[in-house]
J.: 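If you scroll down you'll find the structure; I have some questions about it.
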Amino acid sequence: MRVGVLALQGAVSEHIRSLENAGVEGVAVKHSEELSELDGLIIPGGESTTIGKLMRKYNFIEAIRDFSGQGKPVFGTCAGLIVMAKEIEGGEDAHLGLMDIKVSRNAFGRQRESFETDLTVKGLDNPLRAVFIRAPLITAVGDGVEVLSKYEDEIVTARQGHLLVSSFHPELTDDYSLHAYFVEMIKQAKQP
Ligand SMILES: NC(=O)CC[C@H](N)C(=O)O
């Protein structure tokens, strides 16, 4: 199994390390043609406007929509969550528009630009150490979306079939259980 990490901007090597800890090969993806050799894709955190621009410039928009359309799992973390959303609050255009969620960028405000907490996540055995950095929040979800965790009543992890998103950075700690969860989603998707 090979899992790509979109390497246009953001925390790429950390995701590759977490994937390797979860027992699979992680590869940095710089060209859209590389997607055809992958079983799953992670879109990392960074800055969503920049990632969106680079995705357009390097032909990733249609390529990732196609990849997802084949039922291949996609996991967006932080800015990656924002680019996967169908709707971004504040009138900004959606980027990939893959997942039936509405997001608010930088939702925690300046006082709490970054913080860490232990989160209970549905499907994980133990609380997950979560690092939030200028994090977005999911403010509405469609019918097919399952909420996996909340922080202070706000949705911070969700899944829609083969799509997974988190507002926080699961790759910045030694806890790779959410990556292992994503690897399980890929195994399920590969089953005939
Ligand atoms: N850590 C992150 O990925 C931050 C996301 C950033 N606030 C954005 O809007 O794109």
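Both counts, for ligands and for their atoms, begin at 1 and track the order of listing.
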J.: Among protein heavy atoms, which sits nearest to atom 7 (N) of ligand 1, and what does the distance come to when rounded to 0.1 Å?
T.: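 Ranked first by proximity to atom 7 (N) of ligand 1 is Asn106 OD1, 2.5 Å.
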J.: List every atom of ligand 1 that sits less than 4.0 Å from any heavy atom of Gly45, numbering the atoms from 1 in the order shown and giving each element.
T.: 3 (O)
J.: Are the ring centres of Phe182 and Tyr176 closer than 6.0 Å?
T.: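 Here the rings of Tyr176 and Phe182 have centres that are no less than 6.0 Å from each other.
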J.: Mind checking whether Gly46 has an N or O less than 3.5 Å away from an N or O of ligand 1?
T.: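 For ligand 1, there is an N or O atom that lies under 3.5 Å from one belonging to Gly46.
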J.: If you apply the rule side-chain contact (heavy atoms from CB on, under 4.5 Å), what do you find for Thr173 with Val131, and how did you get there?
T.: CA-CA 8 Å; Thr173 70; Val131 181; 3.8 Å; yes
J.: Any side-chain donor paired with an acceptor under 3.5 Å for His31 and Glu33?
T.: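 Side chains of His31 and Glu33: no pair found under 3.5 Å.
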J.: Taking distance alone, with no angle check, do Ile82 and ligand 1 share an N/O pair under 3.5 Å?
T.: no
J.: Identify the two heavy atoms, one from Lys72 and one from His162, that lie closest to each other, and give their separation to 0.1 Å.
T.: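 Taking Lys72 first and His162 second, the nearest heavy atoms are O-CD2, 3.1 Å.
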J.: May I ask you to identify the nearest protein heavy atom to atom 2 (C) of ligand 1, giving residue, atom name and distance to one decimal place in Å?
T.: Cys78 SG, 2.7 Å
J.: Side chains of Thr49 and His95: is there a donor and an acceptor less than 3.5 Å apart?
T.: no
J.: Polar contacts were defined as any N/O atom of the residue lying under 3.5 Å from an N/O atom of the ligand; does this apply to Arg105 and ligand 1?
T.: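 Arg105 vs ligand 1: N/O contact under 3.5 Å present.
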J.: Kindly indicate, with the supporting measurements, whether the criterion side-chain contact (heavy atoms from CB on, under 4.5 Å) is fulfilled by Arg105 and Ile82.
T.: CA-CA 7 Å; Arg105 292 178 65 187; Ile82 299 168; 3.7 Å; yes
J.: Hey, which atoms in ligand 1 end up nearer than 4.0 Å to a heavy atom of Glu47?
T.: 10 (O)
J.: Can a side-chain donor-acceptor contact be found between Ser177 and Asp175 if the only test is distance below 3.5 angstrom?
T.: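 A donor-acceptor contact under 3.5 Å links the two side chains.
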J.: Nearest protein heavy atom to atom 10 (O) of ligand 1, by residue and atom, and its distance?
T.: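 Closest protein heavy atom to atom 10 (O) of ligand 1: Ser48 N, 2.5 Å.
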J.: Ignoring angles and geometry beyond distance, decide whether His169 reaches within less than 3.5 Å of ligand 1 through its nitrogen or oxygen atoms.
T.: yes
J.: N/O to N/O below 3.5 Å, does that happen between Ala79 and ligand 1?
T.: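 Right, the criterion is met.
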